[in-house]
Trainee: 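My questions all concern the structure below.
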Amino acid sequence: MTFAEGDRSDEGWMFANFIIPRRLVAVLNPRRSVRARFGLTIAAIALIFSMLASLTIGQTATQQIEQDAGQDLAYLAYQMADRLDSGMFERYRDIQIVATIDTIRDSNSPITAKRLLLEKLQSTYPAYSWIGLTNPQGTVQVSTGGLLEGADVSERPWFISGKLDTFVGDVHEAVLLASLLPNPTKDTLRFVDFAVPVDDLQGKPLGVLAAHLNWAWAEDLKNALSRNLRSQEQDLLVLREDGVVLLGPTELVDQKLDYLKSFQEATLAKTGYLSEVWPDHQSYITGFTASTGYREYEGLNWVVLVRQKTDLAFAPAHRLQRQILFWNLGLGSLVAVLGWFIADYITKPMWAIAHAANRIRRGDARVFIPVVRGQDEIANFSQSLNRLVYELTQKERELKLSNERLKQELVERRQVEKSLRLSEEKFCQLAENIDEAFWICSADGSEVIYVSPAYEQICGYSCEMAYRNPRIWYDSIHPEDREKVTPDFSRESLGNYDEEYRLIHPDGSVVWIRDQAFPVYDEQGQVYRVVGITENITERKRAAETCQQLEQERELSELKSHFIAIASHELRTPLSVISMSLDLLQQPSQNMTEEKKQRYCDRIDNAVKRLTQILDDVLLVARAEAGKLGFAPAPLNLVQFCHDLNEEIQLNAGNQHDLVFVCQEQMDQVYMDQNLLNHLLTNLLLNAVKYSPEGGKIYFELSHQQGNAVFQIRDQGIGIPEADQARLFTAFYRCSNTGKLPGTGLGLAIVKEAVELHGGKISVSSILGKGTTFTVSLPILPSAS
């Protein structure tokens, strides 16, 4: 017997040549296997359609791949340039915003607070290697990590340029910080400088805020973008304006490549791609673009290039031509396998549902019915069966929870009974030891039934005195508060009672208390007891008053800050007019006529008057706040004074406004302060003109009423919002609808001060969009005394 014959008689041979083929044939038999039918059908369809598609795809893909390679490189270059510009803009804005924060601008702000702010910015964006603030002389006052504090940086370009305006410097090697900053990679540290001038809260130069952005930040942008690169042979480079490589392959960094055609095209603000030879004498497809800045950031004219070897870029097209012939067989086989697994995926849920149903039938309540997503029969069946099992499980849980609740209620009921037994003892302990006075009295207040010991500390009388004389409490109430406190307890008998009022102790001291009470009803619904708690709230009242004073001071500070901003704008406008007019007058020109010169002189004169008016208003308010604004009445022909003032305002208002002065009574000789009266009426008339931008009539009426001179100024202007009228006469306050109309918010404050010094009154009525009427009533003094 030969070796081959012995091998055929072995049982292994029977398993390998008989049993396995029969199982394989059964699985692959389309008549006996749904998976086989499904997989073979899909494979046949896929092969037919793939053969038809491959004939057209092979022709078009070759051309498209060649075109797409260049476009992809150009698009990657554009993406890198855009990310560089937007990232630089964000850092540009970071430094500008930090320079406006009061903590930085306040010269009295602690160094630690400024350092904490700068280090918080550095931790928010770790690409900042160093952030520091210098004084005007160039000495670093505070910086992140304390680096270079006290160092002189007055010769650094960023300090010299940053004193004048916001400065963004190009990439350079570290100088002062090279030995101070950690450098794990041992590579040369390179930075991009940002600097911005800082003014203090009074607008004076405080120094320069600077930041050094680690150029490794650009490497991170490149790495983030690298996932879009089709191949590791694609290189991304960033070049300076003069062609020096700032970022790219190690062998090209710091080389000057300004002779490349792609670089020259990019400097002409073009974006695209071309094929060219690089210094390594190899041909590359090069995508190019130039950074153009972002919003206010004008950019540093960097050029971004992305290159790929020409043979590697076109290799996919060549491989595609060779591989299309083999794709059909591979695709058909793959689709057949996928069809096999899809068929298995479709039939598997049915087997799982059947298996779960058998376990439920055997009483296994913990079984989970698999849910098939979709709306076909299998999905609906699995969802319905799963809901049924879920509802049965929930009902079982609810029954268990109900039993547990009943047990818990029994335990709680026993605890309540025990608590009721201890409540009286606890009440006594509580009433005797709390700081508030607990008391019980009869419904009419004629009898004190109980009062806790704290009563003696709060009200100043002993508990025995309260029992003997229930009215001692009412007699100690401050006279100004007795009206709101009812002595016969009629208010308590009707409902809950809560009042705050003052008590006078026997030693004369005054305390604030809060008295709370509520009625207790008997079985017939009648009030038979009043129970209350009295609390000493003196400290709380004092704290509230302190908070109110602080809030008023804060509001005044905000108004003054607002005024500084407005005043700076108001001062800047006439100063600009003066400066421009003087420049034009000083320029030698034969075409400058006398008429033009006079017009420029008139502009300067008007601007000077405007500046003088603003300064007069500020000084007047300052004198009023200091109590130095005097009141000096003197004889005055009031009608003639008002008539002359009306004509003067009319001349300033022009033809757009018509000022009408009306006076039907004689008041030739009165005693008033002419200077204050002039401020008062001039501000009201000028406001009527200013806030009537559409023009129209302005009525100025003078009348005599019950010993008072009544001035009424009525316009047809924009009106005053009702929400602003309460603060109308507050210094530095301006209404919300004034928009860009000029003003400092001092005029009406001056008016109010002038009215009060005369001992008069002022009122206002206004309809938004229709007009405003101011009414001033001043007493007519019989003499200067």
Side-chain angles (χ1 to χ4, degrees), residues 419-556 627 726:
S419 298
L420 289 174
R421 290 193 300 269
L422 299 175
S423 62
E424 183 176 358
E425 179 182 352
K426 290 182 178 179
F427 168 76
C428 293
Q429 293 176 353
L430 178 64
E432 299 293 334
N433 292 281
I434 61 174
D435 294 332
E436 293 79 11
F438 181 81
W439 51 266
I440 303 173
C441 69
S442 59
D444 58 1
S446 61
E447 180 186 3
V448 176
I449 299 171
Y450 174 78
V451 62
S452 66
Y455 175 85
E456 297 180 358
Q457 296 294 329
I458 295 176
C459 299
Y461 296 94
S462 65
C463 297
E464 289 74 12
M465 295 177 69
Y467 289 128
R468 291 197 305 268
N469 181 15
R471 283 191 58 87
I472 194 173
W473 153 79
Y474 182 74
D475 295 337
S476 63
I477 296 175
H478 196 284
E480 296 178 2
D481 297 340
R482 289 183 180 177
E483 292 184 1
K484 63 181 181 180
V485 181
T486 306
D488 60 0
F489 285 84
S490 60
R491 289 166 65 181
E492 287 90 334
S493 64
L494 296 176
N496 292 339
Y497 168 78
D498 191 345
E499 285 289 353
E500 294 181 359
Y501 54 89
R502 290 167 289 178
L503 289 181
I504 301 176
H505 280 190
D507 60 1
S509 61
V510 178
V511 296
W512 275 93
I513 68 168
R514 180 184 181 187
D515 209 2
Q516 304 175 78
F518 60 90
V520 180
Y521 299 90
D522 58 17
E523 295 178 356
Q524 288 74 34
Q526 300 296 321
V527 177
Y528 79 106
R529 292 282 187 273
V530 176
V531 178
I533 294 179
T534 302
E535 177 186 3
N536 188 333
I537 60 170
T538 304
E539 293 299 327
R540 188 189 311 167
K541 282 287 186 179
R542 292 174 181 170
E545 292 175 358
T546 302
C547 291
Q548 184 178 5
Q549 292 174 356
L550 292 174
E551 180 64 20
Q552 292 174 350
E553 292 179 2
R554 184 188 66 79
E555 292 180 358
L556 180 59

Trainee: About how many Å separate SG of Cys459 and CD1 of Ile513, when rounded to the nearest 0.5 Å?
Mentor: 5.5 Å

Trainee: Got a donor-acceptor contact below 3.5 angstrom from the Arg529 side chain to the Ile440 backbone?
Mentor: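 Side chain of Arg529 to backbone of Ile440: no pair is present.
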
Trainee: To the nearest 0.5 Å, tell me how far Thr534 OG1 sits from Ile458 CD1.
Mentor: 6.5 Å

Trainee: For the backbone of Glu480 and the side chain of His478, can you confirm whether one donor and one acceptor N or O come within less than 3.5 Å of each other?
Mentor: yes

Trainee: Shortest non-hydrogen contact from Pro470 to Val448?
Mentor: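 Here Pro470 and Val448 meet closest at CB-CG2, 4.0 Å.
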
Trainee: So does Asp475 get a backbone contact from the side chain of Arg482, meaning a donor-acceptor N/O pair under 3.5 Å?
Mentor: yes

Trainee: Look up atom CD1 in Ile533 and atom CG in Asp498, then write down how far apart they are to the nearest 0.5 Å.
Mentor: 10.5 Å

Trainee: Indicate yes or no: at least one non-hydrogen side-chain atom of Glu456 is less than 4.5 angstrom from one of Glu464.
Mentor: yes

Trainee: Give me the atom names and distance for the closest heavy-atom approach of Tyr528 to Asp522.
Mentor: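 Reported closest heavy-atom pair: CD2-N, 3.6 Å.
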
Trainee: Are Arg514 and Glu436 ion-paired here, with the side-chain N under 4.0 Å from a carboxylate O?
Mentor: no

Trainee: Work out which heavy atom in Ile449 is nearest to a heavy atom in Tyr467; give both atom names and the distance.
Mentor: O-CE2, 3.8 Å

Trainee: Looking only at atom types and distance, does a side-chain atom of Thr538 sit under 3.5 Å from a main-chain N or O of Trp512, one as donor and one as acceptor?
Mentor: yes

Trainee: Could you point out which residue of Cys441, Cys463, Ser462 forms a side-chain contact (heavy atoms from CB on, under 4.5 Å) with Val451?
Mentor: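 Going through Cys441, Cys463, Ser462 one by one, the side-chain contact (heavy atoms from CB on, under 4.5 Å) with Val451 is satisfied by Cys463 alone.
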
Trainee: CZ/Arg540 to CD/Glu500 distance, rounded to the nearest 0.5 angstrom?
Mentor: 7.0 Å

Trainee: Between Asp515 and Ala517, is there a donor-acceptor pair closer than 3.5 Å when you use the side chain of the first and the backbone of the second?
Mentor: no

